[in-house]
Participant: 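Mind having a look at this structure? Questions to follow.
Only a predicted model underlies this, so the values are computations on that prediction, with no experimental measurement involved.
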Amino acid sequence: MLGPVILAASRSDRMRRLISAAPVTRQVVNRFIPGETVDDVVPIIEELTGRGLELTMDVVGEDITTPEQAFAARDAYLALVDRLGELELGERVEMSVKLSMFGQALDGGHELALAGVRPVVEAAAAVGTTVTLDAEDHTTLDSMFAVHEELRKDFPQTGCVIQAYLFRTEADARRLAAGGSRVRLVKGAYKEPAEVAHQHKHEIDKAYVRILRTLMEGAGYPMIGSHDPRLISIGQELARKAGRKPDEYEFQMLYGIRSDEHLRLAAEGHRMRVYTAYGTDWYGYFMRRLAEKPANLRFFVRSMVSKG
């Protein structure tokens with residue numbers, strides 16, 4: 001039951017100040033966010049790709065209050081694209097973006113976000129990679145899907161994320177699978193009301209399996225975003241039943257969580273992509289990682305006690 005409490009804290013300026021000021025916090029954050037700049041994460045990119053893994057890179061930062069901040073987010077991603085081009089890793093490393101970081105919540109935010117993310121998608125295509133649009137809370141999804149549909153007209157490889165805990169997602173999955181989209185399926189990491197989302201783990205897990213079956217049997221490219229061993233095993237079985245080859249779907253997990261499993265899946269011949277975030281505005285991302293899994297919270301609390 002701690003998850004909703006932590007998610008509420010992720011929106012609290014007071015909690016942001018308290019946690020950010022704790023001396024041990026930065027050490028723990030490094031487990032999930034390995035740097036603040038492109039230069040910081042280049043060695044991580046080279047190490048993980050050298051070990052047979054693929055990556056999706058996320059420049060963290062969601063609390064955008066001005067168009068100028070949205071333009072800065074665009075420029076941060078363009079700088080990342082430049083480095084990926086220099087490293088010649090376009091085929092191994094893609095990017096994930098949250099449209100809130102591109103000004104989606106501002107006045108005229110839908111058009112602002114589309115205008116900001118388009119040059120990033122164009123630049124990504126030029127170096128042989130692509131972009132996945134992350135899902136945020138349910139109020140933003142119609143806009144996100146509309147941006148996704150618009151971008152796919154010129155860049156059909158553009159991906160999107162769907163969240164199993166939302167009631168709407170089974171219909172979204174059928175539409176996206178029929179359209180041949182790249183789709184990452186996750187359980188969901190935002191506090192959502194009972195009117196729009198499942199509230200219990202067993203309900204979310206069952207929905208996840210139903211949706212994943214739809215994606216596997218469809219025309220698109222499923223991306224299994226989960227650390228749950230049972231769901232990973234089910235994903236493998238669904239892929240087998242659907243007749244999918246190893247390069248026709250992939251697994252995705254977060255940097256810093258179950259790293260041995262990343263390597264195991266890659267060694268077995270699966271496509272395994274590590275979601276790797278970096279940047280200075282790490283608080284919201286970090287708090288959602290704590291909320292997703294009790295073990296992450298225990299790790300944080302133990303570190304606070306041992307280092308305090």
Participant: Please determine whether side-chain hydrogen bond (donor to acceptor under 3.5 Å, both in side chains) holds for the pair Thr49 and Glu54, giving the CA-CA distance in whole Å, both sets of side-chain angles, and the decisive distance to 0.1 Å.
Facilitator: CA-CA 6 Å; Thr49 55; Glu54 302 182 27; over 6 Å; no
Participant: Measuring centre to centre across the rings, with the benzene-like ring taken for any Trp, is Phe251 within less than 6.0 Å of His270?
Facilitator: yes
Participant: Does this structure show an ion pair linking Asp260 with Arg264, if we count only N-O contacts that are shorter than 4.0 Å?
Facilitator: no
Participant: Leu185 versus Ile224: any side-chain heavy-atom pair under 4.5 Å?
Facilitator: no
Participant: Using atom types as modelled and distance alone, determine if a side-chain donor or acceptor of Gln199 lies under 3.5 Å from a backbone N or O of Glu192.
Facilitator: yes
Participant: Are the side chain of Glu268 and the backbone of Leu265 linked by a donor-acceptor contact shorter than 3.5 Å?
Facilitator: no
Participant: State, with a plain yes or no, whether a side-chain heavy atom of Tyr278 is found less than 4.5 Å away from one of Thr37.
Facilitator: no
Participant: Salt bridge or not for Glu250 and Arg273, using N-O below 4.0 Å?
Facilitator: yes
Participant: Mind checking whether Asp134 and Val97 have side chains closer than 4.5 Å, heavy atoms only?
Facilitator: no
Participant: Salt bridge check: are Glu237 and Arg240 linked by an N-O gap of less than 4.0 Å?
Facilitator: yes
Participant: Kindly indicate whether a cation-pi arrangement holds for Arg118 with Phe102, taking the cut-offs as under 6.0 Å to the six-membered ring centre and within 45° of the axis.
Facilitator: no
Participant: Going by an N to O cut-off under 4.0 Å, is there a salt bridge joining Arg168 and Asp142?
Facilitator: yes
Participant: Any donor and acceptor pair, going by atom type alone, linking the side chain of Thr169 with main-chain N or O of Gln163 inside 3.5 Å?
Facilitator: yes
Participant: Between the side chains of Arg182 and Thr158, does any donor sit under 3.5 Å from an acceptor?
Facilitator: no
Participant: Gln252 and Arg184: side-chain donor and acceptor closer than 3.5 Å?
Facilitator: yes
Participant: For the residue pair Thr214 / Glu170, report whether a side-chain donor-acceptor contact shorter than 3.5 Å exists.
Facilitator: no
Participant: Hey, is Lys191 close enough to Asp137 for a salt bridge, meaning N to O under 4.0 Å?
Facilitator: no
Participant: For the pair Thr276 (side chain) and Tyr255 (backbone), establish whether a donor and an acceptor sit closer than 3.5 Å, ignoring hydrogens and angles.
Facilitator: no
Participant: For the pair Tyr77 (side chain) and Val59 (backbone), establish whether a donor and an acceptor sit closer than 3.5 Å, ignoring hydrogens and angles.
Facilitator: yes
Participant: Does Ser226 reach the main-chain N or O of Asp228 with its side chain, forming a donor-acceptor pair under 3.5 Å?
Facilitator: yes
Participant: Between Glu46 and Arg51, does any NZ, NE, NH1 or NH2 come within less than 4.0 Å of an OD or OE carboxylate oxygen?
Facilitator: no
Participant: Looking just at side-chain N and O atoms, do Glu94 and Thr132 make a donor-acceptor pair shorter than 3.5 Å?
Facilitator: yes
Participant: Heavy-atom count check: over 12 atoms from other residues, nucleotides or ligands less than 6.0 Å from Glu149 CD?
Facilitator: no
Participant: Which residues satisfy the salt bridge (charged side-chain N to carboxylate O under 4.0 Å, His left out) test with Glu86, sequence neighbours excluded?
Facilitator: Arg83
